[in-house]
**Q** 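Below is one structure. I have some questions about it.
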Amino acid sequence: MHDLRMVRDQVDALREGMRRRGKLDQFAPVIDEAEALDRERRAAITAVEEKKAQRNVLTQEVGRLKKAMADAEAPMAAARALGDEIVALEARLAPTEARLTELLLDIPNIPLADVPAGDESHNRIVREWGTPRAEGSAKPHWEVGATLGLLDLERGAKVAGSGFVVYRGAGARLLRALANAMLDLHTGEFGYEELWVPTLVNRATMTGTGQLPKFEDDMYGVKDDDLFLIPTAEVPITNLYREEILAASDLPRGFTAMSACFRREAGSAGKDTRGVLRVHEFHKVELVRYCEPEQGEAELERLVGHAEAVLQRLELPYRVVLLAAGDTGFSSAKTYDLEVFSPGVGAWLEVSSCSVCTDFQARRANIRYRPEGGGKPRFVCTLNGSGLAFPRVFAALLEHHQRPDGSVALPAFLRPWMGRDVIDVAR
RNA sequence: GGACAGGUGGCCGAGUGGUUGAAGGCACCGGUCUCGAAAACCGGCAUACCGGCAACGGUAUCGUGAGUUCGAAUCUCACCCUGUCCGCCA
C-alpha cells in the first residue's frame with residue numbers, strides 16, 4: 001500500500017513506476033481517481049472537525065453549568081443540532097475513505113531505480129555459478145522418480161487431485177533432508193531465527209503482505225472461518241510483528257521457516273507443469289528479513305547470497321536473474337530469481353525469488369520501529385526469499401546428479417540426513 | 001462448544017458518565033551531582049489524521065464495530081482475543 005502522500009506529492013514517481021511495470025494504462029485512471037478522492041476527503045475532514053470542535057466547546061459548557069446546578073438547555077440543544085450535522089457530514093466522508101483505501105491497496109509497489117523497465121523479455125542475468133549439464137543428458141525427474149520409487153504422481157492425483165504429489169521412500173526422505181540441511185544452514189551460519197508457523201491465516205494477515213484483496217481468487221480459502229491457506233511462509237512470518245513497534249536494535253533481523261505452500265495456479269495448466277514443476281501444494285524453506293529502509297538493497301544482496309549458498313552446497317549450477325519491472329511481483333520493489341538448469345526438462349527452473357518490498361508491506365501491516373535515540377516510529381523494510389523451494393530442487397537434484405545407470409548421487413550437504421551417498425534401485 | 005474473569009500508552013498498572021490523552025511505576029532521552037559510572041534529584045517522553053512555511057492549532061484513538069447521551073476509557077449490544085474451569089480431542 002502506498003502512503004496517501006505518495007498520491008499527493010509524488011504522483012509522478014507513482015505513474016513512472018507503473019509505466020516501467022507496463023501498467024500505466026491500467027493504473028493512470030486509478031491514480032487520477034485517488035487524487036480526486038484525496039481532495040474530497042481532506043475537505044470533508046476539515047468540515048467535520050470544525051463542527052466537532054464547536055460541539056466540544058458546547059459540551060464542556062454543559063458540564064460547567066450542570067455542576068453549578070444551572071440551566072444547560074440552550075447549549076445542549078445547540079450541541080444536539082451540531083451532532084446531526086456531524087452525522088450527515090460523516091456519512092458523506094465514509095464512502096470516500098473506503099474507496100480511497102480500496103484504490104491504494106490495489107496499486108503495486110514502485111520498482112527501484114536499477115530495475116529494468118518492461119516485461120520479462122527485459123529480465124537480466126546478473127551472474128552464473130557452475131556449469132549446467134547439456135539438455136537431454138539426463139532423464140527427466142518424473143522418469144527417474146518413478147523408476148527409483150521416489151514419486152507417485154498417480155496416487156497424489158487420486159487422493160487430492162491433479163497437481164498434488166506423493167513422495168515415497170528415499171524421495172520422501174530427501175525432502176526431509178532438504179528441510180534439515182537448509183534450516184541448519186540458515187540458522188547456524190547466517191543467523192536466522194527458526195520458526196514454525198501456521199499455514200492457515202486470517203484475512204488481515206493476507207492483506208498485510210499483499211495477497212489480498214487483489215489476489216483472493218489465487219488463494220485457497222476456508223470460507224466458513226474466513227481463513228486462507230498460505231501461498232508462502234512469507235505471509236505468516238512477515239505478519240509476525242503486524243501492528244507492532246520494534247526497537248532499532250532489533251534490526252536487521254532474519255527469520256526462517258519450513259512450511260507447506262498452497263497455490264491454486266488457476267489457468268496455468270500445460271506450461272512447465274510436468275512432474276513436480278508446478279503443483280498446488282509444496283514445501284519450502286522461507287527466509288524473511290526486517291531492516292531499516294536505508295539497508296533494503298544491501299539486505300537484498302545478503303538474502304540472495306543466503307539462498308545461493310544452498311544451491312552451491314547442493315552442487316547445482318544456477319544463474320541469478322534480475323527481474324524487469326513488469327515481471328516483479330505486486331509487493332516487491334526489486335526481485336532476483338535463482339534459476340537452476342534442468343537437463344531432463346530442458347528449462348531453467350525458478351527455485352527462489354528474493355525480493356525487497358521496501359515499506360510497502362510494512363505500511364499495509366503497520367510494522368514499525370523506533371529509530372536509534374528515539375523519534376517518530378518509521379516503517380521497517382521487509383524482504384523475503386525462498387531458501388529454497390523443494391519440488392524444483394528435488395527435480396534438479398534427480399537430473400543434475402543423475403548417473404549413467406539412472407541412480408542419483410547425493411551431494412555431501414545432504415548425506416548426513418540421507419544415510420547414504422546414492423539413491424539407486426537397489427534401495 | 002459451555003461457564004466465569006479480563007482486554008488501558010514501548011512495558012506494567014490506576015481509573016465506572018463531564019478540563020482523562022488518560023494517575024503512578026518501569027524503560028528511554030536531556031540535565032544536576034561525579035574524575036567517571038551507579039544512586040539520588042529535576043525536566044522531557046503516545047500514535048494517526050486535518051490545517052499551517054513554521055511556531056502551533058484542531059480532530060480522533062483506552063481490543064474491534066455499532067448504540068445510548070449535550071458529553072463515553074467509563075453505560076448497552078454484537079464480535080474478536082487472552083486467562084481459568086468444564087466438555088471434546090491429535
Side-chain angles (χ1 to χ4, degrees), chain A residues 1-10 34-105 196 198-208 212 222-228 236 239-251 253 260 290 292 359 362-380:
Chain A
M1 171 141 103
H2 296 286
D3 195 318
L4 253 182
R5 268 181 283 266
M6 183 62 83
V7 170
R8 205 173 299 157
D9 306 330
Q10 298 178 65
E35 274 191 289
L37 287 172
D38 176 51
R39 280 191 296 270
E40 269 181 49
R41 171 179 173 273
R42 282 188 286 164
I45 283 177
T46 305
V48 169
E49 291 188 349
E50 205 171 295
K51 298 288 179 195
K52 283 186 174 174
Q54 291 171 17
R55 183 176 63 179
N56 286 346
V57 170
L58 288 170
T59 283
Q60 282 176 21
E61 176 65 12
V62 171
R64 263 193 301 276
L65 290 171
K66 292 239 175 188
K67 199 166 272 179
M69 306 290 275
D71 175 37
E73 199 43 57
M76 277 170 65
R80 207 176 293 131
L82 275 172
D84 292 342
E85 290 184 57
I86 289 165
V87 167
L89 287 169
E90 284 185 331
R92 292 217 322 258
L93 178 59
T96 303
E97 295 212 294
R99 175 67 179 154
L100 193 51
T101 303
E102 188 181 311
L103 293 177
L104 290 176
L105 283 173
W196 190 290
T199 40
L200 223 44
V201 299
N202 60 33
R203 185 171 287 274
T205 293
M206 287 292 263
T207 305
L212 296 184
V222 183
K223 299 303 176 204
D224 287 347
D225 297 286
D226 207 30
L227 293 173
F228 299 86
N239 278 280
L240 267 191
Y241 291 96
R242 179 155 52 79
E243 308 289 345
E244 292 193 43
I245 299 174
L246 301 164
S249 56
D250 289 334
L251 306 175
R253 194 154 176 193
Y290 283 33
E292 300 194 55
D359 63 359
R363 200 177 286 286
R364 290 176 157 247
N366 198 21
I367 307 164
R368 293 174 293 173
Y369 75 99
R370 201 171 294 279
E372 205 69 55
K376 295 277 179 205
R378 305 177 70 200
F379 289 110
V380 301

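Note on naming: letters A, B, ... go to the chains in the order of the sequence lines (proteins, then strands), and numbering restarts at 1 for each one. Because only heavy atoms are used, hydrogens play no part in the values below, and waters and symmetry mates are left out as well, while side chains stay in.
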**Q** Taking atom P in both B:rC62 and B:rA22, what distance in whole Å separates the two?
**A**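 Those two atoms are separated by 14 Å.
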
**Q** Do the side chain of A:Glu49 and the base of B:rG58 come within less than 3.5 angstrom through a donor-acceptor pair of N or O atoms?
**A**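 Check passes, donor-acceptor contact within cut-off.
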
**Q** Please name the pair of heavy atoms, one in A:Lys51 and one in A:Leu89, separated by the smallest distance, quoted to 0.1 Å.
**A**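 Scanning both residues, the minimum pair turns out to be CG-CD1, 3.9 Å.
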
**Q** Rounded off to whole Å, could you give me the CG-to-P distance for the A:Asp226 and B:rC81 pair?
**A**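 Distance check: A:Asp226 CG to B:rC81 P gives 12 Å.
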
**Q** Between P on B:rU61 and CD on A:Glu90, what's the gap in Å once rounded to a whole number?
**A**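 Computing the A:Glu90:CD to B:rU61:P distance gives 10 Å.
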
**Q** Sticking with atom P, work out how far B:rA46 lies from B:rG25, rounded to a whole angstrom.
**A**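 My reading of the P atoms in B:rA46 and B:rG25 gives 16 Å.
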
**Q** Rounded to the nearest Å, what distance is computed from the CZ atom of residue A:Arg55 to the P atom of nucleotide B:rU19?
**A**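 Result: 16 Å.
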
**Q** Any luck finding a side-chain donor-acceptor pair between A:Thr59 and A:Asn56 under 3.5 Å?
**A**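 No, no side-chain donor-acceptor pair sits under 3.5 Å.
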
**Q** Please determine if A:Arg99 and A:Glu102 form a salt bridge, counting it only when a charged side-chain N lies under 4.0 Å from a carboxylate O.
**A**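 Between A:Glu102 and A:Arg99 there is a salt bridge, with a charged N closer than 4.0 Å to a carboxylate O.
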
**Q** Of all the heavy-atom pairs spanning A:Pro371 and A:Lys376, show the shortest one and how long it is.
**A**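 Where A:Pro371 meets A:Lys376 most closely, the heavy atoms are CD-O, 3.0 Å.
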
**Q** Between B:rG57 and B:rG63, how far apart are the P atoms? Round to whole Å, please.
**A**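 One P to the other, the span is 28 Å.
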
**Q** Under a 4.0 Å N-O cut-off, is there an ion pair linking A:Asp359 with A:Arg363?
**A**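 A salt bridge links A:Asp359 with A:Arg363.
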
**Q** For the pair A:Asn202 (side chain) and A:Thr205 (backbone), establish whether a donor and an acceptor sit closer than 3.5 Å, ignoring hydrogens and angles.
**A**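 Yes, because the side chain of A:Asn202 sits within donor-acceptor range (under 3.5 Å) of the backbone of A:Thr205.
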
**Q** With pairs taken as Watson-Crick or G-U wobble and both distances under 3.5 angstrom, which stems of at least three consecutive pairs involve RNA chain B?
**A**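 Stem list for RNA chain B: B:1-7 with B:80-86, B:10-12 with B:24-26, B:28-32 with B:40-44, B:46-51 with B:56-61, B:63-67 with B:75-79.
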
**Q** Does any residue of residues 67-88 of chain A have a heavy atom under 4.0 Å from RNA chain B, and if so, which ones, in number order?
**A**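 Output list: A:Met76, A:Ala79, A:Arg80.
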
**Q** Scan A:Ile45 against the nucleic acid and name what it touches under 4.0 Å (heavy atoms): base, sugar-phosphate only, or nothing.
**A**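 Sugar-phosphate, backbone atoms only, no base.
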
**Q** B:rU64 C1' sits how many Å from A:Arg242 CZ, rounded?
**A**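 So the CZ-C1' distance, A:Arg242 to B:rU64, works out to 13 Å.
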
**Q** Roughly how many Å apart are B:rA60 and B:rG7, using the P atom of each and rounding to a whole number?
**A**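 The answer is 24 Å between these two P atoms.
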
**Q** Does a side-chain N-to-carboxylate-O contact under 4.0 Å join A:Arg80 and A:Asp84?
**A**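 Salt bridge: no.
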
**Q** Rounded to whole Å, please give me the gap between NZ in A:Lys51 and C1' in B:rG71.
**A**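 Distance check: A:Lys51 NZ to B:rG71 C1' gives 18 Å.
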
**Q** Take atom C1' in B:rU34 and the same atom in B:rA40, then report the distance between them in whole Å.
**A**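 12 Å, rounded to whole Å.
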
**Q** Classify the side-chain pair A:Tyr369/A:Arg253 by whether it contains a donor and acceptor separated by less than 3.5 Å.
**A**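 Checked: A:Tyr369/A:Arg253 side chains show no N/O donor-acceptor pair below 3.5 Å.
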
**Q** What integer number of Å spans the C1' atoms of B:rC35 and B:rC29?
**A**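 Roughly 24 Å separates the two C1' atoms.
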
**Q** For B:rA60, does either OP1 or OP2 sit under 4.0 Å from a side-chain N or O belonging to A:Asn56?
**A**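 So the side-chain polar atoms of A:Asn56 do come within 4.0 Å of the phosphate oxygens OP1 or OP2 of B:rA60, strictly under.
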
**Q** Separation of A:Glu97 atom CD from B:rA60 atom P, in whole Å?
**A**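 For the pair A:Glu97 CD and B:rA60 P, the rounded distance is 14 Å.
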
**Q** Determine the sole option in A:Leu105, A:Leu4, A:Val7 for which the side chain to side chain contact (heavy atoms under 4.5 Å, CB included) test with A:Leu100 is passed.
**A**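 The single option meeting the side chain to side chain contact (heavy atoms under 4.5 Å, CB included) with A:Leu100 is A:Leu4.
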
**Q** Which residues pass the ring pair (Phe, Tyr, Trp, His ring centres under 6.0 Å) test with A:Phe379, not counting sequence neighbours?
**A**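 By the ring pair (Phe, Tyr, Trp, His ring centres under 6.0 Å) rule, A:Phe379 matches no residue at all.
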
**Q** Look at the side-chain N and O atoms of A:Arg370 and state whether any lies under 4.0 Å from the OP1 or OP2 oxygen of B:rC45.
**A**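 Result: no.
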
**Q** Within less than 4.0 Å of OP1 or OP2 of B:rA48, is there a side-chain N or O belonging to A:Arg368?
**A**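 Yes, A:Arg368 has a side-chain N/O under 4.0 Å of OP1/OP2 on B:rA48.
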
**Q** May I have the distance from A:Gln54 (atom CD) to B:rA60 (atom P), rounded to whole angstrom?
**A**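 The distance from CD of A:Gln54 to P of B:rA60 comes to 13 Å, rounded to the nearest Å.
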
**Q** To the nearest angstrom, how far is A:Leu100 atom CG from B:rC49 atom C1'?
**A**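 The answer, rounded to whole Å, is 13 Å.
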
**Q** Answer with base, sugar-phosphate or nothing: what part of the nucleic acid does A:Arg41 contact at a heavy-atom distance below 4.0 Å?
**A**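 Answer is sugar-phosphate: A:Arg41 comes under 4.0 Å of backbone atoms only.
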
**Q** Report yes if at least one side-chain N or O of A:Arg8 is closer than 4.0 Å to OP1 or OP2 of B:rC50; otherwise report no.
**A**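 Yes, because at least one side-chain N or O of A:Arg8 sits under 4.0 Å from OP1 or OP2 of B:rC50.
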
**Q** For the side chain of A:Asp250 and the backbone of A:Ala247, is there at least one donor-acceptor N/O pair under 3.5 Å apart?
**A**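 Yes; at least one donor-acceptor contact below 3.5 Å.
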
**Q** Relative to the 5' end of RNA chain B, which residue comes earlier, A:Glu50 or A:Ala43, by the nucleotide with the nearest heavy atom?
**A**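 Here A:Ala43 is the residue nearer the 5' end.
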
**Q** For B:rA39 and B:rC45, measure between their P atoms and round to the nearest Å.
**A**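 Per the computed distance, 22 Å lies between those P atoms.
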
**Q** Could you pick out which residue, A:Pro377 or A:Leu58, lies toward the 5' side of RNA chain B when each is mapped onto its nearest nucleotide?
**A**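 Upstream on the strand: A:Pro377.
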
**Q** Taking only N and O in the side chain of A:Lys376, is any of them less than 4.0 Å away from OP1 or OP2 of B:rU47?
**A**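 True: A:Lys376 side-chain N/O within range (under 4.0 Å) of B:rU47 OP1/OP2.
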
**Q** For B:rC33 and B:rU47, measure between their C1' atoms and round to the nearest Å.
**A**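 36 Å, rounded to whole Å.
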
